[in-house]
Amino acid sequence: MSITTLFENYSEFRHRHPDGDVPHNPYKWAMAIDLDACSGCNACAVACYAENNLPVVGREKFANGQVMHWMRIERYWDHDGSEFPERGARYLPMLCQQCEAAPCETVCPVGATNHTPDGLNSQIYNRCIGSRYCSSNCPYKVRYFNWWDYPSTDNVWPAEMNMQLNPDVTVRGKGVMEKCTFCIQRIRGAESDAKTQGRLVRDDGELQTACQQACPTSAISFGNLVDPESRVHKQWMAQQVELNKHEQAKDEEPGGSDLRGYRVYEWLAPYPSIMYLERVRETEI
Amino acid sequence: MSKRHLLALFTNFDEAEKVVTELRNLGINGFNAEKDMIVKSPIEHPEVEEFLGNRPVRVQWFTLFGAVVMGFLMFWLTSAAQGNFFAQMKGGKPIVPFPPNFVLTYELFILGGVYITVLGFLICAGLPARRSPLYSAKVSEDQIGILVQSEESASVTLKSIFTRHQALEIQEEAGK
Amino acid sequence: MMNSEFDRRDFLKVLGWGGTAVALTGCGNGMVESGKETVVSYVETKDYMIPSVSVYFNSTCAQCDAGCSITGRIREGRVLKLEGNPESAINRGKTCGLGQAGVQNHYNPDRVRAPLLRTGNTGEAITWEKAYALIDEKLKGVSGNEVAFLTGGMSGHTKVLMGNYMDSLGSKNHFVYEAIGPAVVRAANKKSYGVEMPRFNIGKARVVLSFGADFLGAWVSPVNFSQQYAQFRKGSGGHQRGVLIQVESKMTITGANADRWLAVRPGTEGILALGIINALGAHGVSIPGDIAAAVKTYDKDRVSNDTGVSAEQIDKIAAILKERTPSLVLAGSAAEGYAHGSQNAAAINLLNHVLGNVGKTIEAAAIVPFPQMAPLTGNTAALKALNDGLAAGKYKVLFSYGSNPVFTSPAAMKYKDNMAKADFKVVFAQYLDETALQADLVLPLDSALEDWGTQVPEYMAGNAQINIRQPLMEKLHADTRGMGDILLTLIKQRRAAEYKPFDDYYGYLRAAVLQNKAALGGANQPDNDIFWNETLSKGIIKFEGAKHASLSVKSGAAGLTLPAPSAADAEYPLQLIPHVNANLRDGRNTNQPWLQESPDPLTTIVWDSWIEIHPKKAAELGIVEGDIVEVTSKSGSLKVQAYIFPGIHPDAVSIPLGRGHEAMGRYAKGYGVNPFQILDMIYDKETGELALHETRVKISRTGNRVIVVKDEGPVGGNQEGQKIVPEMLTNKVNLSKEI
Amino acid sequence: MKDIREDIAWAKINTDVLKSLENPRKLYWVILFIAVAVFGVGVGCEVYQYNMGLGVGNFDNPHMWGLYIATFIFWIGMSHSGTLLSAILHIMHADWRKPIYRFAEAMTTFSLMTAGLFVAVHLGRIWQIYFALPYPNMRQVWPNFQSPLLWDAMAIFTYLSSSILFLYVGMIPDLAICRDNMHSGWRKKLYAVLSLGWEGTDRQWRNFRMTYLTIACFLIPLAVSVHSIVSTDFAASQQPGWHITSFPPYFVAGALYSGCAAIITLFIILRYVFKFEEYMTKSILKKVARLTFAIAMVWTYLKWVEFAQAWFGHNAHDQHLLIEKATGTYAPFWWMMNFCASVVPFMLVFKRFQTNIPVLFAVSLLLNLGMWLERFMIVAPTFADGFYPWTWDHNQWPSLVQWGIVFGSFGWFAILFMLFCKIFPSVSMYEVKEMVYHRSLETKKLQALQAAGELAAAGKGAH
């Protein structure tokens, strides 16, 4: 059977994903995060804990670097030698970049991490055997491994606390890799609702990721990149950031671009699905 | 017609060679040197084989078959497995990518080669084998043994040749 | 999603009366009407509980007092997640991390589950009947003056009931205490603008100059301010992106987002404000006479010398304030925390007068037309008064609710010892916190997600609104009660006849709302049930076109006297800044593990306390990161790990508040230190508020060193030359073009 | 220098080698017991890790891999020397390999079996390891053939089974000797079955020769591919310090290098324990030592190529990593690696050390320490200083559980090797016989020539 499948769809199987001639249809989920709006308040990260059943590992394991925050707020300083950080700190919410050409996907020996047709980098917990190759190959180090069996660990989800667990999201046991899913449970819910109603997912707040929904400064926008009406699409267009490129035409302009959109490690060509908008500082003060 | 088996043991390899040559050249009636003579040796002894004449080795054909078939199968099966119902889509790569499949093909080419070679060896060398009619543990130590099968009539001649060439020991057994 | 067609009334009945076990066991369903319980499987459930289908109810967040409206997601009878309610003008669908963790307050495994009566050193679980009877008995023969009731900030119907209860006791000893509330700023605002809490229009301002107001973190109404901040940064009405200048001695998250962060010498915020007014005058802004007189001596050089902010910088600030109007100047907790905090705040408010911001970016807030429900805000002066009373043995019975003074008062105040002097101490608590441990009777409270209530937010962002708090699920523990229900029961002990019509607090609330239906927007709705259900469904009662308070602009420059910066103190050389962390606040949320594990935005430290020391000072003292240092003030000392932090004035050190619990359950106890304990009892001269920033300390190494548990790596937030978080300057980019 | 006597009685060869199979001394049991105990420590650690999760190993994000992968590469590397000695030298007709290739090949097999353990131990969900096998199933879910780890699995499987076959096929004549010399007990039965009725007939020898040669020919590219595939685990990723073009040859050289060093170690042990001075002669040791030095220099060269590539490659990440290795937390290990693996081999240049057994023993251990450190220095620093500065982490060290399992793997290897030595002849008897036979023929020819020369000289002198 598989052999007939192979022959019937051979050209499709030889097709390199992603490619311009076969665009995402009808969805390509993507994000834009405005670092000038982001205040670094961590609300998104806590919302992610609440939505995605992330375990609280406790002091000792945090000290061991075994924290499970899918979304982490990074705080950078300008190391310019001045006495005080007079330009403030730089905050960066770092989560899985849902790369279109993800370094993690090819290396998984069992195919537990794959690309979905709507442009997500999916992780199949049941399939994962815990080789951790994906994380080793992740330039952003945004994959988190269950070093311990958190469901059975004291004080992670003791009685009553476990009632808060989101039934739409698997509680992960020891030995599997996990990471930001772009709230896939919400995506699938919205896609399915839209499908039953014979339409596409709208860009009106029908579908929001947990971090986006919480964000007090609305720095995060999330949506369908191939929907010309979506905010994300418009932002990417306005910033002249194209998904399947490892260097953007605008960066070639002499003197650099005056557009803020950029992607972290774009030059490595993982084609991240998250565009950041550079933070801005006032010249006059 | 009953056959008789003789096993002669020699320490001196040169003598053993001479015996073989002599047996082949004499053309004793009731004894076919090509078919009825087996030389047993404690070491791999190419010279002896030369005197025995051109006896072909066919293991390499097994090798060729095994390597090519397994290599081909691997490439084909890998591609088929990749292009099945649950296609694993990997960003930046086609679903059926050639370079990894070539690596696997290479490995299986070798694996098939080795496995089938060993199989071929067993078949060509007739292993595992039953005990031959006459055997001496000396053969695995330091002596060369010449096992012949002949008509009753020829055995006397053969014995005399063996004795002339300083055979240490001649074992004899009546055939069936 | 709010209009799900299920039997709302049925749901409310079950929840309102606190039926048992549906949510917990999944198969027991209390049939309240018949008084019987039947076994009902999930296959045949109530229609508000369809397996795998989420329903959403609106309520109000109780994690802090800002009054954000929330929407709870409920599935199979369990509340799973809280989102912001988009209809609220305060948070407009957004939440902060603190708000997200509300479910952990609800599901916390360390909640008190039954009334506890102290016998010796142990607590014995008793029934509510016995508890009420005990209170009744203890109150007999005690005059009203001998009863004291300590609460946190209150508003809405609970406040009304509270007032009535105090009346019924004949007591005027209601002490409203907030450990870290902006009490001094309220007083200063009252003087400068005529209202305690005006509306701050950050979104409309083009320049925000904030003196230690951590409006993105923990100040007043951070979710609202954060939204306004986003708007401010985008620039509106054809204006450029707004400019934020933050002046403070210890960088807050707001400071971390500033275009220019200025490390000011601790306590000299007011001087800088006057200096800026002086500079504005020099730039040609017309300064009213009295103000000009007040700032006359504050020339750039003197101010620069006093505050440590360069003269050039003062000029730049003045220039940008002059050029870009309207602006907004905020006085925050860093400015008010000194013995001259009121003067500091007044001086800062003067800037708004000079710049003409009052009425533009500082507006009067809308007022809820029910003054009896208006918020009663707390302060530390109240605690001091209570403490003095307790010390003098004035009070025989003490009620304590909504605050944890044993934890949040300076050890030097000896509140714990003085509390023991009262004969009978009742603490209403969700957890056995430090104060509850001192009680004779602990009464377990419902969590905010299972309780009824109303709240009037102190900071009114848009139109006036009353927030409704309603249960998002059934009670987790059968033997907890809502504060409203308890007050109602207690009040019935006194005035049974008057409160007879109300079976419970739910009934009281419902009656109270329906009684004022017309005023609450239900004039056109004849059916009480429908109106009530609609109100609950919205979770907010809005008053379109409600009256606004009027601002009365008084400069108050005449009485302004600012002390010179404090002279160097050889014995205690450093100013201790107890920092209010956006997540942990005064420590009431410390037992929520998400918050414990949420890295501090500035240091990324988790699960522990630390002391921030400027690299220069640290080098001077030979301290490196992770050194355990002893911090000694006149009033005590503590040991804490050091974190070398560039965002702090070298003459100051800072320890975050909220950690260092000795009780309050597994997630709070034993993590970090409590800087409240070593604060000196120095008070603001005008308001009598505890001056939180006025304590001076010395620090010394103990010789121990630990690895600081934090999220940042060994390079401490260095990008190592990579393009990870690049920066653009405003002369290059135009944000108003963006989408 | 004393080499194997050409006139040694073949029967003596048999008795000498067969003696090593029987009557283990008390010391053997003691050492075996220690090996079992060491392995037990590893098993205990693994059971603990299985129950608790990999966290007990002190892994974290970013330190996803630790000692397991480093030691895995180490053992895989060890395996390559067996192939070098038996296959490459076989094809090149270097007869001095004959007395020592058997144990080297056993070492290949057992170190592969040890390496295989680490593949399993390393996994977060070891009980799901079969997911990585391409077994046919109803759902048609296959492993990911694009993953270098899967190539690894396939390559190691191929290598292990080919090595076992090679070892076995090469041992059949010796097994027949064993069969002929054992007269009772389980050994007799075992050898009877395993020797497949080998009688040394011309037909058997003829096919045997072809088979052995063919497998040897296959094994050489296979061995090269195995370690270059292991290197693709790193080289095919994008990480700094891993994404290096020269990795495949570098890994192969390193593998041969560590294998040769291990051969010296085992050579010396076997020579001493079984009193094989007669066969494992110092002359052979000298050759192995020289070979080791040559490979050490190849490896050192390739290592410098790696450094040079990082240094001149204009890749800030690689440069930073190199500097970190040389000056950061890992610097002691890194310098020790350079010292042990690039400086210590110069000891082998000196003739007197080439045959000095204590010195060689110490040197070989140091070389292997260096090579183990090299693997650790490939794996760990890239995690500690990868691309992303926020997650750099210099303070995560392997826990005792990780060390325990690494320690236990040596016990496992020792158990296998010790059992092998007592069950199978660790010196190839028939090939030693071949060797002395051919050498004696050469000598005879030489003597004949010399005699002729002397006659001629005498004849001249008569004039």
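In what follows, chains are A, B, ... by sequence order, proteins preceding strands, each numbered from 1.
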Can you tell me how far apart [atom1] ([X]) and [atom2] ([Y]) are? Round to the nearest 0.5 Å.
{"X": "D/Thr211", "Y": "B/Phe62", "atom1": "OG1", "atom2": "CZ", "result": "10.0 Å"}
{"X": "B/Asn101", "Y": "D/Phe145", "atom1": "CG", "atom2": "CZ", "result": "8.0 Å"}
{"X": "B/Asp142", "Y": "D/Asn14", "atom1": "CG", "atom2": "CG", "result": "7.5 Å"}
{"X": "B/Ile43", "Y": "D/Met429", "atom1": "CD1", "atom2": "CE", "result": "14.0 Å"}
{"X": "D/Met210", "Y": "B/Arg58", "atom1": "CE", "atom2": "CZ", "result": "11.5 Å"}
{"X": "B/Gln60", "Y": "D/Cys217", "atom1": "CD", "atom2": "SG", "result": "11.5 Å"}

Contact summary for [X] and [Y], nearest pair of heavy atoms:
{"X": "D/Ser162", "Y": "B/Leu111", "result": "OG-CD1, 4.4 Å"}
{"X": "D/Gln204", "Y": "B/Leu127", "result": "NE2-CD2, 3.3 Å"}
{"X": "D/Trp10", "Y": "B/Pro42", "result": "CZ3-CG, 3.7 Å"}
{"X": "B/Glu107", "Y": "D/Ala155", "result": "OE1-CA, 3.4 Å"}

Between [X] and chain D, which part of the residue has a heavy atom less than 4.5 Å away: side chain, backbone, both or neither?
{"X": "B/Leu122", "answer": "side chain"}
{"X": "B/Ile110", "answer": "both"}
{"X": "B/Ile116", "answer": "neither"}
{"X": "B/Val57", "answer": "both"}
{"X": "B/Met70", "answer": "neither"}
{"X": "B/Ile95", "answer": "backbone"}

Would you mind checking which part of [X] comes under 4.5 Å of any heavy atom in chain B, side chain (CB onward), backbone (N, CA, C, O), both or neither?
{"X": "D/Ile156", "answer": "neither"}
{"X": "D/Ile229", "answer": "side chain"}
{"X": "D/Ile172", "answer": "side chain"}
{"X": "D/Phe208", "answer": "both"}
{"X": "D/Leu222", "answer": "both"}

Query raised in the report: If you draw a 6.0 Å radius around OH in D/Tyr168, do more than 12 non-hydrogen atoms from other residues or ligands fall strictly inside?
Result: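 Result for OH/D/Tyr168: enclosed.
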Query raised in the report: Does a sphere of radius 6.0 Å around CZ in B/Phe72 hold more than 12 heavy atoms from other residues, nucleotides or ligands, not counting ones at 6.0 Å or beyond?
Result: no
Quick one, [X] and [Y] - any side-chain contact, counting heavy atoms below 4.5 Å?
{"X": "B/Thr63", "Y": "D/Phe218", "value": "yes"}
{"X": "D/Asn144", "Y": "B/Gln82", "value": "no"}
{"X": "D/Ser225", "Y": "B/Tyr106", "value": "yes"}
{"X": "D/Met154", "Y": "B/Leu108", "value": "yes"}

Report task. Determine the option with the most heavy-atom pairs under 4.5 angstrom with chain D, choosing from B/Gly113, B/Pro99, B/Gly120. Result ->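 The answer is B/Gly113.
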Quick one: does [X]'s side chain have a donor or acceptor within less than 3.5 Å of a partner on [Y]'s backbone?
{"X": "D/Trp151", "Y": "B/Leu104", "result": "no"}
{"X": "D/Glu199", "Y": "B/Ala129", "result": "no"}
{"X": "D/Asp202", "Y": "B/Val39", "result": "yes"}
{"X": "D/Gln146", "Y": "B/Pro94", "result": "yes"}

Requested in this report: Evaluate the criterion side-chain contact (heavy atoms from CB on, under 4.5 Å) for residue pair B/Tyr135 and D/Asp180; output intermediate values, then yes/no.
Outcome: CA-CA 10 Å; B/Tyr135 179 73; D/Asp180 293 346; 2.5 Å; yes
Query raised in the report: Does D/Arg203 count as lying over the ring of B/Phe121, i.e. NZ or CZ under 6.0 Å from the six-ring centre, within 45 degrees of the axis?
Result: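 Checked: cation-pi criterion not met.
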Query - Most chain B-contacting option - heavy-atom pairs closer than 4.5 Å, from D/Val141, D/Thr232, D/Leu165, D/Ile215 - result: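 Winner by heavy-atom pair count: D/Leu165.
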Query raised in the report: Hey, which of D/Ala176, D/Ser195, D/Pro143 has the most heavy atom pairs under 4.5 Å with chain B?
Result: D/Pro143
